[in-house]
Amino acid sequence: MPRETMRLRLAFLLAAPFVLAAAFAADPLPTAKPQSVGMSAERLARIGEVLRADIDKGRLPGAVIAVARRGKLVYFQAFGYLDKDAGTKMTTDAIFSIASMTKPMVAVGALELYEHGLLQIDDPVSAYLPQFGKQQVAVLKSGGDGFDTVPALRQPTIMDLFRHTSGIIYGGRGTTAVHKLYPGGSSSVGGMTSQEVMDKLAGLPLLHQPGSTWDYGFGLDIMGAVIEKISGQSLGRYLEAQLWQPLGMADTGFSVPAEKTKRYARGFANDPDTGKPQFVLDLSKPLKFECGGGCAASTAGDYLRFAQMLLNGGQLGGQRVLGRKTVDYMLSNQLAPGVVNLIGNADPTRADMGFGLGLAVQTTPGIVRTAGSVGTFSWP
């Protein structure tokens, strides 16, 4: 399938085709005039009009937008405030907590181990983390007030972790008795160690039979722990050596060093729509658990280089991270017919898309909620 665009979006910022929200001081890719790669400078300017309007209305503090096509950077601008309360203007080298955009990077890290024969896609998770070997599946009682358990028809596999079909869900995405047992999301377990998180998740009932249902959850967090087990390194050290350093992603990691905190973007304390307090993980403080599902920080420039590497079939600037066919495998739909697809519950704009290894994949120009091309891959 053609990899014409990559739409990667941080949840609190606007995105356009191949738009990355966060930032970078130097140009992350060679630059070009929009018209030289078939884009319109006038229409690109509409991005700024929309962002400035939302900033003026107090709906977001600020943003950095990077747009590239055919490997050339054609739009790279900062808007609004890095820290609205302090009155600090946004800059293009701003560092953001990137939440679930951590997941695709962890998927790439795991696929590097796959290429070396150290990780098998069909292996049960328990082959690497034994505590996941005897999981039960919940059967909800009428009304959702409680549940019984039955044995899993099979145990969750590495493939299930990649594509969110393990049955290990985020507690914050439902109200059933099973959801109430789970932590709300990846960033909510930062005070626990990796071992403590894995033991907790392994001791909870699955919401679905493994392989039966796409439902958003802790799959890539568990994958991060698998990477640590195989490599003998922390997830951050492994990704630094295998991914971030080769791609020149100098501002990406699981913490923001003290010397860089002046570039760390801050969200509003309260949700602008509801007025209720909102949580954004503070990565200026050390984490006990480098969660693969949502605990990294990065910039638009860094993430743009990561995205371009995938668009290039696994290499950038003479550095090969993955083989071309491995990237094709990653960016192909892995949801077999009959799998219940709840992607729309996680993000309505991606309803009815397929899912590869860590990223949604558009399989048809119609049905889905947003315009795009077959082969477009994304995650918000």
Side-chain angles (χ1 to χ4, degrees), residues 7-25 41-67 74-102 170 172-173 184-188 190 216 251-252 255-256 260-285 294-304 344-351 369-371 378-380:
R7 297 159 55 88
L8 294 176
R9 178 177 62 177
L10 300 186
F12 49 88
L13 294 175
L14 177 72
F18 214 116
V19 169
L20 290 274
F24 193 73
E42 179 183 4
R43 293 171 71 87
L44 284 170
R46 296 179 185 178
I47 297 170
E49 294 172 6
V50 172
L51 286 175
R52 290 186 190 97
D54 273 354
I55 290 166
D56 290 345
K57 293 174 185 175
R59 299 203 69 251
L60 78 164
V64 179
I65 303 295
V67 182
V74 297
Y75 187 93
F76 192 28
Q77 294 191 30
F79 303 90
Y81 295 91
L82 183 86
D83 186 335
K84 181 65 181 294
D85 291 341
T88 308
K89 292 288 188 179
M90 184 65 75
T91 58
T92 55
D93 61 351
I95 299 171
F96 290 81
S97 295
I98 65 169
S100 286
M101 296 316 302
T102 307
Y170 281 149
R173 294 195 168 270
S186 296
S187 60
S188 66
Y216 205 33
D251 289 322
T252 302
S255 64
V256 179
K260 295 183 180 182
T261 55
K262 64 182 180 181
R263 295 194 278 127
Y264 192 19
R266 304 291 179 172
F268 289 140
N270 297 319
D271 185 293
D273 292 329
T274 67
K276 295 180 179 180
Q278 64 178 5
F279 173 75
V280 177
L281 188 64
D282 184 357
L283 293 171
S284 65
K285 302 173 183 178
C295 294
S298 192
T299 65
D302 276 8
Y303 215 96
L304 190 65
N345 290 356
D347 177 16
T349 67
R350 284 161 180 78
R369 305 297 192 269
T370 54
S378 59
W379 198 240

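All values derive from a computational prediction rather than experimental measurement.
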Kindly write out the residues that satisfy side-chain contact (heavy atoms from CB on, under 4.5 Å) with Asp282, not counting sequence neighbours, or none if the list is empty.
Tyr264, Arg266, Ser284, Lys285
Phe279: what forms a side-chain contact (heavy atoms from CB on, under 4.5 Å) with it, not counting sequence neighbours?
Ser187, Leu281
Would you say [X] and [Y] make side-chain contact, with heavy atoms under 4.5 Å?
| X | Y | value |
| --- | --- | --- |
| Arg350 | Ser378 | yes |
| Phe79 | Ile65 | yes |
| Val64 | Met90 | yes |

Donor-acceptor contact present, side-chain Thr102 to main-chain Ala296, <3.5 Å
yes
Distance in Å, [X] [atom1] paired with [Y] [atom2], rounded so as to fall on 0.5 Å steps:
| X | Y | atom1 | atom2 | value |
| --- | --- | --- | --- | --- |
| Lys260 | Asp93 | NZ | CG | 10.0 Å |
| Leu283 | Ser298 | CG | OG | 11.0 Å |
| Lys84 | Lys89 | NZ | NZ | 9.0 Å |
| Phe268 | Leu60 | CZ | CG | 6.5 Å |
| Asp251 | Ile95 | CG | CD1 | 4.5 Å |

[X] versus [Y], closest heavy-atom pair with distance:
| X | Y | value |
| --- | --- | --- |
| Ser186 | Cys295 | O-SG, 4.2 Å |
| Pro380 | Met101 | C-SD, 3.8 Å |
| Gly267 | Pro61 | CA-CG, 4.2 Å |
| Tyr170 | Gly185 | CD2-CA, 3.6 Å |
| Ile55 | Gly62 | CD1-CA, 4.0 Å |

Residues 42-50 side chain polar contacts: donor-acceptor under 3.5 Å, at least two apart:
none

Please determine whether the number of non-hydrogen atoms from other residues, nucleotides or ligands lying under 6.0 Å from atom OH of Tyr81 exceeds 12.
no
